[in-house]
Undergrad: 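I'd like to ask some things about the structure below.
In what follows, every heavy atom counts, from backbone to side chain, and hydrogens, waters and symmetry copies are set aside.
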Amino acid sequence: MSDEEPSPTPIPVSVRLFISGAVIATASLFAVVLRDGSVPGPAALAAFLALAVPVWWIGETRISGAVTISLISVLLLGAAVVLGPLGAGLLGLGFGLLTRGGMPAWARVFNGALGAARGLVGGLAYLAAGGSTQPATLHGAASLATELGFPLLAADVCQALVNAVLIAGIMRVSQGVPLRLMAARLLESGPVYVAYGILAFLLIVLWFPAGVGPASSLLILLPLVAAHWTYVQYAAQEHAREQSLDLLVGALELKVPALRGHSSRVADLAARAAEHLGMGPAEVLDVRRAAML
């Protein structure tokens, strides 16, 4: 008699409802932009798809907990200008659905809705802030700042907020993480979004005012990879620090088998208590490390 395979963990109703709401909201945004009828040009779309391949291959870098950074933000910002809201939304949808690594189907659906929402909202925010739909006609610092730079900054902020709200929401309904704490963790990566906004601005300037065209995507790839590599090193240092602490505690617990796992359980309990007391992300991390010891 063969052993029965364990049944998959059922998805909580709250998670299903939240993901369904995200999908419906994203589909509504698609319906809004489809009324405009604007379709991205084939050359521009091909250039972004070519740049999307290495960005997809590089993937995401986990900074802490559920907080990740990705070069996708740069492409979505650039697509908001070059491809318009529809093109940016479709690009974000593709990135989300094709996320590397194994994951449940519901998580992939949520990632698709999140990526599409970021692209759509970024494109709509750019237009609402007075962003130029003909960036090739922009000349001079004043026009570049008022019709490209500031609208691109508005799109960057809106994308960051959409990302923070949706991820904080799904973490709340799936794991019970307080909304305020999760949003604070996500918004800690604000400087990253600023840097990515600058790279997206350079991409657009090279593409249109400088006249480089789609080839500008190749010129911007190197600084994109360099920026991502910097945060990869930071994440590796954080991981090494946590791993060293785990090894130290594990070595101590080997001497008293009855206490195996005790430090981790105390750390989890202390961290949750710190979260509910309203401590910030850095303070919660310090409490967890102190409790481990």
Undergrad: Would you compute the distance between atom CZ of Phe201 and atom CG of Leu148 and round it to the nearest 0.5 angstrom?
TA: 5.0 Å

Undergrad: Closest approach of Leu98 and Arg108, non-hydrogen atoms and distance?
TA: C-NH1, 3.8 Å

Undergrad: Counting only pairs under 3.5 Å, give me each side-chain donor-acceptor contact of residues 10-25, with atom names and distances, residues two or more places apart or in other chains.
TA:
unit_1	atom_1	unit_2	atom_2	d
Ser14	OG	Val173	O	3.3
Arg16	NE	Ile11	O	3.4
Ser20	OG	Arg16	O	2.7

Undergrad: How long is the span from the CG atom in Asn163 to the SG atom in Cys158, to the nearest 0.5 Å?
TA: 12.5 Å

Undergrad: Just verifying a value: how many Å separate Leu75 CG and Leu203 CG, rounded to the nearest 0.5 Å?
TA: 8.0 Å

Undergrad: Which pairs of donor and acceptor atoms, one on a side chain in residues 41-54, lie under 3.5 Å apart (sequence neighbours left out)?
TA:
none

Undergrad: Is any side-chain heavy atom of Leu199 less than 4.5 Å from a side-chain heavy atom of Leu77?
TA: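 Heavy-atom side-chain distance check fails, nothing below 4.5 Å.
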
Undergrad: Could you tell me whether the side chain of Gln159 reaches within less than 4.5 Å of the side chain of Val121, counting heavy atoms only?
TA: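 Not touching, per the 4.5 Å side-chain cut-off.
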
Undergrad: Show the nearest heavy-atom pair for residues Gly130 and Pro151, with the distance to one decimal.
TA: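 Taking Gly130 first and Pro151 second, the nearest heavy atoms are C-CG, 4.0 Å.
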
Undergrad: Once you round to the nearest 0.5 Å, how far does CD1 of Ile204 lie from CG of Leu144?
TA: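 Result: 11.5 Å between the selected atoms.
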
Undergrad: I'd like to know if the side chain of Glu147 and the backbone of Gly131 have a donor-acceptor N/O pair within less than 3.5 Å.
TA: no

Undergrad: How far does CG of Leu120 sit from CG of Leu91, to the nearest 0.5 angstrom?
TA: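 With rounding to 0.5 Å, CG (Leu120) is 11.0 Å from CG (Leu91).
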
Undergrad: Can you give me the closest heavy-atom contact between Pro209 and Pro135, atom names plus distance?
TA: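 Smallest heavy-atom distance, with atoms named: CG-O, 3.7 Å.
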
Undergrad: Any idea which heavy atoms bring Leu152 and Tyr126 closest together, and the distance?
TA: N-CD1, 3.8 Å

Undergrad: Measure the spacing between CE of Met171 and CG of Leu166 and express it to the nearest 0.5 Å.
TA: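 Nearest 0.5 Å value for the CE-CG distance: 13.5 Å.
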
